[in-house]
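Naming convention: chains lettered A, B, ... in sequence-line order (proteins, then strands); numbering from 1 in each chain. Worth saying up front: this structure is predicted, and the values here are computed from it rather than measured.
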Amino acid sequence: MTQPADRYSRQRLFPPIGDEGQTRIANARVALIGCGALGTHIAQHLARAGVGYLRVVDRDFVELDNLQRQVLFDEDDVREGLPKAVAAERKLSRINSTITIDARVDDVTARNIGSILDAVDLVIDGTDNFETRYLLNDACVDRKLPWVYGGVVASHGMVLAVRPGQSPCFACVIPEMPPPGSTGTCDTAGVIGPAVGIVAALEATEALKIIVGDHESLSDGLTTIDPWRNQFRTFTMPRNPDCEVCAKGNYRFLRAEATSATSVLCGRNAVQITPATAGSIDFAQMEQQLSAHGSVKHNAYLLRFNVDEFECTLFPDGRAVIKGTDEVERARAFYAKYIGS
Amino acid sequence: MATVRIELPSLLSTLLSGQEQFDLSAGTLAEALAAIRADHPTLAVHVFDESGELRQHVLCFHNDVNTRWLNPHDIVLTDGDTLRFYQAVSGG
């Protein structure tokens with residue numbers, strides 16, 4: 001086994017890190033929330049960099065259509081039906097056996113966010129939905145934990161490093177959660193791997209700056225990228241002095257007041273999801289977006305979408321009944337994937 | 001009146017048949033937003049709420065300045081200015 005001193009030699013040579021920075025990286029405790037497209041790239045960056053403790057949290061399992069962009073997974077993981085957190089742990093342990101990987105197969109909610117973020121110094125966003133991000137923002141601002149937001153759809157992405165009390169929080173930038181169906185998801189608008197890689201690299205870079213304490217080098221705002229259109233911009237973002245979260249301490253998602261409601265419909269093998277923010281869904285547009293994935297039809301009152309073993313009945317305000325499972329986590333994952341929240 | 005450039009991210013440009021940018025004439029940001037509402041209704045429904053305000057998950061930058069907490073009537077536009085719109089990005 002190669003000694004750690006050799007393993008990180010190129011990184012130590014980089015002056016902003018050096019020996020002291022490498023020691024800080026080795027002592028860092030990081031939670032990565034979500035291990036899909038962004039998450040696998042980020043996990044790989046952080047594990048190779050030598051982050052000493054990496055908690056990888058994900059509620060989903062590996063599927064064939066993940067492999068185009070989720071770099072830690074392969075066809076064996078699909079055949080085994082492995083949870084993403086477990087498959088990631090196996091790969092990351094082979095990439096760097098000197099660090100601790102703590103895999104957790106879990107759906108991050110207000111109920112368990114305390115244990116998910118327990119004893120970590122930094123949180124990195126690899127999620128695929130807004131509800132979890134607003135929850136992370138509430139929890140991290142409340143605990144004064146830095147966290148890094150990243151999102152990507154199609155060829156367009158965004159990154160924001162949040163340092164509670166020192167930089168704008170996620171709610172300063174996006175005050176309210178978009179209504180369901182109002183923004184594209186990777187499953188409705190598509191996504192290209194290189195854009196994922198760029199956003200993940202930016203997130204991981206901001207994470208390393210925070211870990212080594214080089215706060216002066218952190219981006220002072222929101223970075224947007226679109227490599228397909230050759231665009232890369234950073235917008236300086238001031239804190240909102242009236243921000244409900246970081247100025248007023250109104251943690252609606254942490255108190256579970258603003259989160260979506262889910263209920264298992266007994267005897268129907270179905271779960272009902274009522275989004276936190278009522279929407280006004282354009283069924284014609286939604287049918288167009290979903291038609292590549294399965295059969296879709298709608299009338300003035302509801303849209304019905306069948307894919308794999310699921311049947312989703314969607315109402316104009318965003319409420320959905322997802323038939324084919326009685327597991328809340330699977331239904332929430334389905335909703336985030338196809339409807340967006 | 002100034003001629004300003006409107007730039008849209010890829011997801012919003014699909015609402016204008018892939019048109020990623022266009023020019024319009026306006027003296028202030030408020031006038032520019034009103035022109036978008038009037039001339040591009042399919043885009044406007046995604047950018048503005050029922051009261052005509054920018055949706056909370058939509059960002060509008062005047063050149064590189066976030067206009068979220070500024071009065072659009074106070075933002076005077078000059079020739080060559082750019083208004084860039086972004087939606088919060090959910091995927092990951």
Side-chain angles (χ1 to χ4, degrees), chain A residues 34 36-39 125-130 132-133 149-159 168 170 172-179 182-191 196 199-200 221-222 224 226 228-229 231 233-238 240-242 277 280 282 285 336 340-341, chain B residues 4-22 29 36-37 40-72 74-75 80-92:
Chain A
L38 287 174
D125 170 24
T127 67
D128 63 357
N129 67 89
F130 286 117
T132 307
R133 291 185 175 110
Y149 154 70
V152 60
V153 167
S155 60
H156 177 56
M158 285 183 172
V159 177
F170 188 66
C172 287
V173 178
I174 311 289
E176 292 287 340
M177 189 164 77
S182 62
T183 61
T185 73
C186 294
D187 291 86
T188 58
V191 64
V196 172
V199 170
L222 180 73
T224 70
D226 189 334
W228 203 264
R229 296 163 69 179
Q231 293 174 350
R233 294 194 176 87
T234 296
F235 299 98
T236 300
M237 303 291 288
N240 176 6
D242 298 318
T277 308
S280 179
D282 181 337
Q285 186 187 0
S341 58
Chain B
V4 297
R5 173 64 50 92
I6 308 300
E7 288 189 5
L8 304 171
S10 50
L11 286 179
L12 287 177
S13 72
T14 60
L15 300 166
L16 297 182
S17 304
Q19 189 179 358
E20 298 171 352
Q21 55 188 30
F22 58 89
L29 175 61
I36 293 170
R37 281 195 295 271
H40 301 285
T42 55
L43 171 66
V45 73
H46 287 266
V47 173
F48 303 102
D49 64 19
E50 292 71 14
S51 65
E53 300 293 318
L54 274 178
R55 292 187 180 278
Q56 294 284 294
H57 66 278
V58 173
L59 295 160
C60 171
F61 294 95
H62 171 222
N63 297 326
D64 288 337
V65 177
N66 184 17
T67 64
R68 169 80 66 197
W69 303 293
L70 304 177
N71 185 336
D74 293 340
I75 300 177
D81 282 359
T82 301
L83 297 178
R84 296 187 176 92
F85 291 86
Y86 293 98
Q87 285 182 308
V89 180
S90 71

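- A:Asn129 touches chain B through its backbone: at least one of N, CA, C or O sits under 4.5 Å from a heavy atom, while the side chain does not.
- Contact annotation: the side chain of A:Thr185 never approaches that of A:Asp128 to less than 4.5 Å [non-hydrogen atoms, C-beta and beyond].
- If you run side chain to side chain donor-acceptor pair (under 3.5 Å) between B:His62 and each of B:Asp81, B:Thr67, B:Thr82, only B:Asp81 comes through.
- In terms of non-hydrogen atom pairs under 4.5 Å with chain B, the most contact-rich of A:Gly34, A:Gly151, A:Gly157, A:Gly126 is A:Gly151.
- In this structure, A:Pro238 and B:Trp69 have side chains that are in contact, with non-hydrogen atoms separated by less than 4.5 Å.
- Using a 4.5 Å cut-off between heavy atoms, A:Val153 contacts chain B through both its backbone and its side chain.
- Residue B:Asp49: no heavy atom, backbone or side chain, is found under 4.5 Å from chain A.
- Contacts with chain B were tallied for A:Asp282, A:Asn240, A:Leu222, A:Thr224; A:Asn240 has the most, counting heavy-atom pairs under 4.5 Å.
- The side chain to side chain donor-acceptor pair (under 3.5 Å) analysis of residues 4-17 of chain B, with sequence neighbours excluded, yields the pairs B:Arg5-B:Asp23, B:Glu7-B:Arg84.
- For chain B, the nearby parts of A:Val152 are the backbone and the side chain; heavy atoms of each come within less than 4.5 Å.
- Ranked by heavy-atom pairs under 4.5 Å with chain B, the list A:Arg233, A:Met177, A:Met237 is led by A:Arg233.
- For the set A:Ala336, A:Ala37, A:Cys186, A:Pro175, the entry with the most heavy-atom pairs within less than 4.5 Å of chain B is A:Pro175.
- Contact annotation for A:Val173: both backbone and side-chain heavy atoms come within less than 4.5 Å of a heavy atom of chain B.
- Side-chain polar atoms of A:Thr127 and A:Asp125 form a donor-acceptor pair below 3.5 angstrom.
- For A:Phe130 and B:His57, the gap between ring centers reaches or exceeds 6.0 Å.
- Using a 4.5 Å heavy-atom threshold, the side chains of A:Gln285 and B:Leu15 count as touching.
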